[in-house]
Amino acid sequence: MRRTLVTLALGLVLAAAQGCASMGVGNPFSNDPLTGGADAASSQLLNVPLPTGMQRYASHGYMNYGADGEREGLETLRGNVDASQAAQSMFTALQSQGWQLRLSLRKGDRSLYVYDKGNSLAVLAFRRQTVLTILEIWAGSRLPDGSALSLPGGADSGAELSGEEYAPLGNEPGQSAPTPPPGTTEQWGAGAPAGSGGPGASGAAGTSGGLQERAL
């Protein structure tokens, strides 16, 4: 009798697993390309507070100093946060620092927002997963009229798409240095210079209004 019950239980477990697979419900963390995340309270590119619960994946981001001395690059984050609330939180934080929303698009589980502040541009791309939300922050300076196109895969190409391998970037761990000249690449993590998140990045003041999305 006991052997019959064990056999029946195993059969039910296998049937349930096959049913989940047929419905496309699998382990959301299987073959996960994002590993080695570290808790992050503020954006190193934009110097504004991040939604609570986000982690930064240094191996999936990079940072340069542009010709104007401002930081530019890619910051990849993920956390157990609601995508809509995270987008609203970033909107409030950026608006309090003088950034203006210029483009808002949404399609399915993806949304994209473009901000500008003076000569600086920031692109925030949100993507909802089964449990978590991925946020990619791209930042850089506005190009002058007539600028040449930088093609993907060129000798000076920057970061790959999320999930791809990145070349080693920046200084050795524990090494500190003054702000490097334009074009120098800096690594995030233990070897990054201190002071990336200033005191003005926390406690963003409330603002009126909110995000207005336009579905594609």
Do the ring planes of Y57 and H60 sit parallel (below 30°), tilted (30 to 60°) or perpendicular (above 60°)? perpendicular

Does the plane of the ring in Y62 sit parallel, tilted or perpendicular to the ring in W138? Use 30° and 60° as the thresholds. perpendicular

dist L121:CG -> W99:CH2 (nearest 0.5 Å) comes out at 7.0 Å

dist Q129:CD -> N80:CG (nearest 0.5 Å) comes out at 11.0 Å

Please check this pair: side chain of [X] against backbone of [Y], looking for a donor-acceptor N/O pair closer than 3.5 Å.
X    : Y    : result
S89  : Q85  : no
E136 : L77  : no
R110 : R128 : no

Check: S120/E70 side-chain N/O donor and acceptor closer than 3.5 Å: no

Holding to side-chain hydrogen bond (donor to acceptor under 3.5 Å, both in side chains), I want the full list of residues that pass it with D39, two or more places apart in sequence or in another chain. Q55

Between S141 and E72, does the side-chain hydrogen bond (donor to acceptor under 3.5 Å, both in side chains) criterion hold? Intermediate values first, please. CA-CA 7 Å; S141 299; E72 59 184 24; 4.6 Å; no

Under the side-chain contact (heavy atoms from CB on, under 4.5 Å) test, which residues partner T52, sequence neighbours left out? none

What pairs of residues pass the salt bridge (Lys or Arg N to Asp or Glu O under 4.0 Å) test when at least one of them lies in residues 91-105, not counting sequence neighbours? R102-D116

